Each structure stands twice: as structure tokens, then as C-alpha cells.
Amino acid sequence: MTSLIHRSQFPLLAAAPELVYLDSAATSQKPRAVLDAVRDFYENDYANPHRGAYELSVRATTRYHAARERVASFLGVRDADCVIFTRGTTEALNLVAGAWGRANVNAGDEVVVTGAEHHANFVPWQQLALERGARFRICEIESDGTVDLDRLRALLSPRTKVVAFAHVSNVLGTIAPVREMAELAHRVGALAVCDGAQGAPHLRVRFDEMGVDVYAASGHKMLGPMGIGVLAARRELLERMPPFLMGGDMIEFVEDDHSTWNVLPHKFEAGTPNAAGAVGLAAAVDVLEGVGMDAVRAHEHALVASAYDRLSAIDGVHIHGPGADARGGVLSFTVGDVHPHDLATILDTRHVCIRAGHHCAQPLMRRLGVSATARASFYVYNDASDVDALAGGIVAAKELFGSVAV
Ligand code: PMP
């Protein structure tokens, strides 16, 4: 199995042929096209968008707006003004919990998340519930890491105001039944919030058809720059929701005793935006659509299925989560009593980069009964040789540690 996009397109990978990069769920490598787009913006069209009446600022504004339209079409959002640029998924989710949550969640209400959430889609809701006197409820996941719709249904009531869940788990790779979960939330009148940090980079997202009210994603995990992300949300929701950050650009009029707000998307983009990041993200989605998201999914599925088989065959390896067909390109595992950090260190001596730790999901680690796992994650530049290197590294680590208690 060859890579979907050749590593020669990624300057860092091209310069380090020995490197086996298996940490794309943390952040992806950047193709030359993205680096060139960012550089081109700074070299040719750089000024503060929306600020000046001069031609250069108009050019910067035009590129920033074009980036929004490009990203909106990639995510299947017809109304591009409903795509808000943020720093990333974390900021997007905090925006909704902070602005919508404070205005709509009250004492006696309930806020529901799953037991598999990243801290970015757990802590803001937990803290909102604590602040508002609401009840924070956790929908337990099944032993294979999936969400059972009957269990979720049983947890919901007319008091439920929010159901927040990941499109794809960053630890288990589990792909959520998004449409069904959104429908259950809507049946009780709750907001359906989808954390798409691991969804948008790997699966075809059609926001307008998915049924969720909110979808958040991070550019840096989908070939784009760090420090740019998106919040896509329904227009009525954004219009009713108070602003989150206040300052320049997001106002209409500022009187001495009150202010009024700008139209979408500006109402939620206070201050100087990360226009270069947005331009880079637009270039990234061009690259992804150049190969097609169905091909991205098929490529990762083939890699993860092969890795799943290879790792399962190694004595002492335990893979957490569902089978390869129900997951994205993420594989979390433990190897007997070898600490995941030791495993990652040994793999690093063989130039294999994997993540080890709690993956910002301590509640999930407790449910899995482990303090940490090792995680390998695949993307468009990986190929069969990377799976070989991973499996070979694990076998070598086992040998180094002698007998491994299983
Ligand atoms: N949710 C999930 C599922 C993630 O994997 C991540 C990143 N690890 C985040 C949220 C947070 O994304 P960011 O750090 O880019 O804000």
C-alpha cells in the first residue's frame, strides 16, 4: 500500500526519509502547497483585513473571505457566514459553552457528554454545569468504545439542554453515529454539539445534512497551519447567541453605556484574525479535496486494518476500542506491562513517532482501567512501510523488556 499523497510533497518528511510519523491525530505534517500559500499571503497580500480603505488591505480582506468560503464548502456549509474562524476546536467549543451555555443553561437543567470525550469537549461543559447549577451527566460508552443509542436515549429528558460528543474519538478512533445522536438530542429539544477535531481531517463532512447544530474542527490536524480552526453552526443559533470575545470588529455601535453587535461572522471574530492561518487552511482543504475525502477514508481504513491485524498477532498487545471497520485512522494499544512512555521512547530510537499518555481524555482512561495508552495514528502520507516499522518496533521493545506479563 503506497501513500495517498507522496511524502515528497511534505518538506519535513522529504528531508527526513527515515522518519515514520504516526502522530497525525495530535497534529498533521504540512504539504508544500500550504506553506507556499501562507508565504504568498505574507509576501504579496499582507495587511490587516477589514481595517484599511487602501487597496492592499482590500486584497487581504478578499483572501480572508475567500478562505472562509473555501472552508465552508469543504465542510458542506452553504451559508459561509456561519463558519467562524477560531484558534481551533478547543476555542470553538469554549465559545459555544461560554456564550450559548451561559445564556441558556440554568439550575436544574442537564448537560450530557459521553465518557470518551477529549477534555476540550468535557471540561467546558462540566464547568458550565457547575457554574449554572446544572447537572453534568456522562453517557457511558460500551466495552468496545462505541456509544449505545438506547443508553443515550435513556439518559435524555426535557431538562437536557446540550448533548456534546466527538465525531471520531481521538483515543479509540470510534466513529459516532452523528445523525442518530443529533436526532435524539433534538427530540428532547437539546443542542447537538459535535467535536469534529478527528472527523473533518479524515471523513467527508456535510454539516448542513448531518443534523448537528454545532461542528468544531482544528486546521492543524487537517494539513493546515496551527492556530486556526473553525466553528460551524446554524445561523439562527449564532444570531441568538451572545458574543464570546469582545473588542474590535465584532461591534456595530459602541455607545458610552451599551454596544450592539456586528453581523455574522464578525460578531464572533473579535480582534485581528489569523488571516494567514485561514489562507493556509483553505490551501489544505484544496489538497484534501484534490485526492478526495472518500479516498482519504479508504486509505486510512486500509492502513488501520492492516495495523490492527499486525498488532493483534503480537503476543501481549491489547488494542482498545472497536474493530478496524468502526474506527478512523487511530489505534490505541498497550503492550503487556510495558509503560506506553517507555514504548514510545524505544520506538523513537527507531524514528517511529507515536503518542503515549492519557491523550487529554482522563475520564476515558479511567473507564478503560488504564493510566495511559500508546497511540498510532495514520494519515495521507503514511504507507505500508510505516505499519511494518510500527509492528517491528513493538516486537523489538518487547524483546528489550524481556518477558512481558499479559
Ligand atoms: N477534540 C479532539 C477529539 C481532539 O483530538 C483534539 C486535539 N487532540 C481536540 C478536541 C482539541 O483540539 P485543539 O487542541 O486543536 O484545539
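Quick caveat: nothing in here was measured; it's all calculated off a predicted structure. Whatever order the structure lists them in is the order used to number ligands and atoms, beginning at 1.
- Among protein heavy atoms, the minimum distance from atom 14 (O) of ligand 1 is reached at Thr90 OG1, 3.7 Å.
- Nearest-residue assignment for atom 9 (C) of ligand 1 (options His118, Arg355, His220, Met226; heavy-atom criterion): His118.
- If you number the atoms of ligand 1 from 1 as listed, the ones under 4.0 Å from a heavy atom of Gln198 come out as 3 (C), 4 (C), 5 (O).
- Residues Thr373 and Ser332 approach most closely at OG1-OG, 3.4 Å, considering heavy atoms.
- In Arg87, the CZ atom is not crowded: 12 or fewer heavy atoms of neighbouring residues, nucleotides or ligands sit closer than 6.0 Å.
- Proximity of Asp195 to ligand 1, defined as any heavy-atom pair under 4.0 Å, is confined to the side chain (atoms from C-beta onward).
- Interface of Ala197 with ligand 1, defined as ligand atoms under 4.0 Å from a residue heavy atom, comprises 1 (N), 2 (C), 4 (C), 6 (C), 9 (C), 10 (C).
- The heavy atom nearest to atom 15 (O) of ligand 1, out of those in Gly219, Ser218, Ala26, is found in Ser218.
- The shortest heavy-atom distance from Lys221 to ligand 1 is under 4.0 Å.
- In this structure, Arg132 places its CZ atom where more than 12 heavy-atom neighbours from other residues, nucleotides or ligands lie under 6.0 Å away.
- Contacts between Ala166 and ligand 1, counted as non-hydrogen atom pairs separated by less than 4.0 Å, are absent for every part of the residue.
- Crowding of Arg206 atom CZ: a count of heavy atoms from other residues, nucleotides or ligands under 6.0 Å exceeding 12.
- Residue-environment remark: OH (Tyr54) exceeds the threshold of 12 foreign heavy atoms within 6.0 Å.
- No more than 12 heavy atoms of other residues, nucleotides or ligands lie within 6.0 Å of CZ in Arg39, so this atom counts as exposed by the packing criterion.
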